[in-house]
Amino acid sequence: MKRKVINSSRMPVYRDAGFELYDAKTTADAFSNETEHSRKPDLYIYSRYRNPTVVSAEEEIMKLEGSEWALLTQSGMSAIDTALSVFQHGKGTGLWFFFTEIYGGTISFIESVLKAKRGLDIQYFTPDNGNYDLVKFEKAIYDLKPEFVYIETISNPMLIVADVTGISDIAKKYGVKVVVDNTFATPWLYKPLNDGADIVIHSATKYFSGHGNLTAGVICGNDVQIMQSAVEYRKFVGHTLSPDDAYSLQTQIQTFELRFARQCSNAYKLAEYLDRMSLIKKVWYPGLINHPTNLIADKLFNKKGFGAMITFDLDGRDLAEKRIRRDKFIELVSEKIKLIPTLGDPRTILMPVEAVWGAKYPEPGMIRLSVGFEEYSELEGTISRALDSMKG
Ligand code: PLP
């Protein structure tokens, strides 16, 4: 049966598990080029290996990150697993070096899988007073000679901005690779590959998708050897994104810059407003001059914005009062600002920090906001009404 070519304006969803390869020669060509992730000839074999709808969404991300390649996976965590597997090569695997201020799920993966199951040699680097000391970092790199260093451009929930430029310069001096989770900053604020990073990771569940309706992850880079190793791993363990999610992502990502610009602008105004409120003891936002990494954020993001996450601490005479105020605040804003444990949604959502992070951040008054792209006056109005009624 001859198939009709439809003049669709975008890549449709190709749900085929396997693709027709016609004859033995075409089959041999397709299999021999497969780890090249080649687009010429654009032959597909099997959707766990590579799928046209997934490739189309990857091309959108390559444009945003300015990367030579991008590989989409089913979640941010599978992107992290894929990226790190590049550096695992049996008994000869060297030490892996992670900054401590990274996503809690990544820390759990390191502890429960990389250390406990795979027996890998891992060390952590901790910040001092909310900032990373690069002199100490250089000494650690010199002493430990790790295979790679792993950082997040903006950390969670204290929103520490890592000096990716300085970190990459030091790492390169000692031949150490740099892996950056750029989920919170996004390429709209910063492109780590331009400053020497080797792999950039995103939880595309967040700002790239932007609507809280799918989970996806992506790794991007320029080095072909890294890509080939990641292509193989993604295929062997079956991390490749589904065509349906790739289709939604390729559509939703068209509005990413518009959405994120507005989210950053809302967050900046809201952080300044929260900082003036007497019921709030402290606000963490890299755009505020009292944030320990404000200057680094200025340097990295060119004053374009400072991200769309804010953490603040409700004041109280003691822990019990702080807890009561937190619970009251959550209840008072709940119609407009919901407690949803994710980030990057269209509307502002929140998370109580102590309930999620426990002993790591035990302040009961702390709340993390993922700021949305709703009308700013509506957002400030919701929060100011809640704070006013808590004073009364
Ligand atoms: N990286 C960061 C910074 C995250 O915040 C998250 C999830 O919240 C992940 C990675 C994991 O992404 P996913 O939930 O899509 O697996």
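Atoms within each ligand, like the ligands themselves, are counted from 1 in listed order.
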Ligand 1 atoms in contact with [X] (distance to a heavy atom under 4.0 Å):
| X | answer |
| --- | --- |
| Glu152 | 3 (C) |
| Ser203 | 9 (C), 10 (C), 12 (O), 13 (P), 15 (O) |
| Lys206 | 4 (C), 5 (O), 6 (C), 7 (C), 8 (O), 12 (O), 14 (O) |

(request) Identify whether NZ of Lys or CZ of Arg in Arg50 sits under 6.0 Å from the centre of the six-membered ring of Tyr44 and within 45° of that ring's axis. (result) yes

(request) Report yes or no: is the cationic atom of Lys145 (NZ for Lys, CZ for Arg) under 6.0 Å from the centre of the six-membered ring of Tyr142, at an angle within 45° of the ring normal? (result) yes

Compute the shortest N/O to N/O distance between [X] and ligand 1 and return yes if it is under 3.5 Å, no if not.
| X | result |
| --- | --- |
| Phe184 | no |
| Asn156 | no |
| Thr106 | no |
| Gly76 | yes |

(message) Residue-level breakdown please: for Thr215 versus ligand 1, do any non-hydrogen atoms fall below 4.0 Å on the side chain, on the backbone, on both, or on neither?
(response) neither

(request) Verify the ring-centre separation between Tyr49 and Phe19: is it less than 6.0 angstrom? (result) no

Suppose we measure from [atom] to each protein heavy atom; which comes out shortest, and what is that distance?
| atom | answer |
| --- | --- |
| atom 15 (O) of ligand 1 | Thr205 OG1, 2.6 Å |
| atom 11 (C) of ligand 1 | Tyr103 CE2, 3.6 Å |
| atom 1 (N) of ligand 1 | Asp181 OD2, 2.6 Å |

Can you tell me if [X] and [Y] form a side-chain donor-acceptor pair at under 3.5 Å?
| X | Y | result |
| --- | --- | --- |
| Asn182 | Glu65 | yes |
| Asp244 | Ser242 | no |
| Thr293 | Asn131 | no |

(request) Please verify whether a non-hydrogen atom of His202 lies at under 4.0 Å from ligand 1. (result) no

(request) In sequence, state the C-alpha distance, the side-chain angles, and the governing distance for Asp195 and Tyr190, and then conclude on side-chain contact (heavy atoms from CB on, under 4.5 Å). (result) CA-CA 10 Å; Asp195 281 335; Tyr190 183 60; 2.5 Å; yes

(message) Tell me if the NZ atom of Lys136 is crowded by more than 12 foreign heavy atoms within 6.0 Å.
(response) no

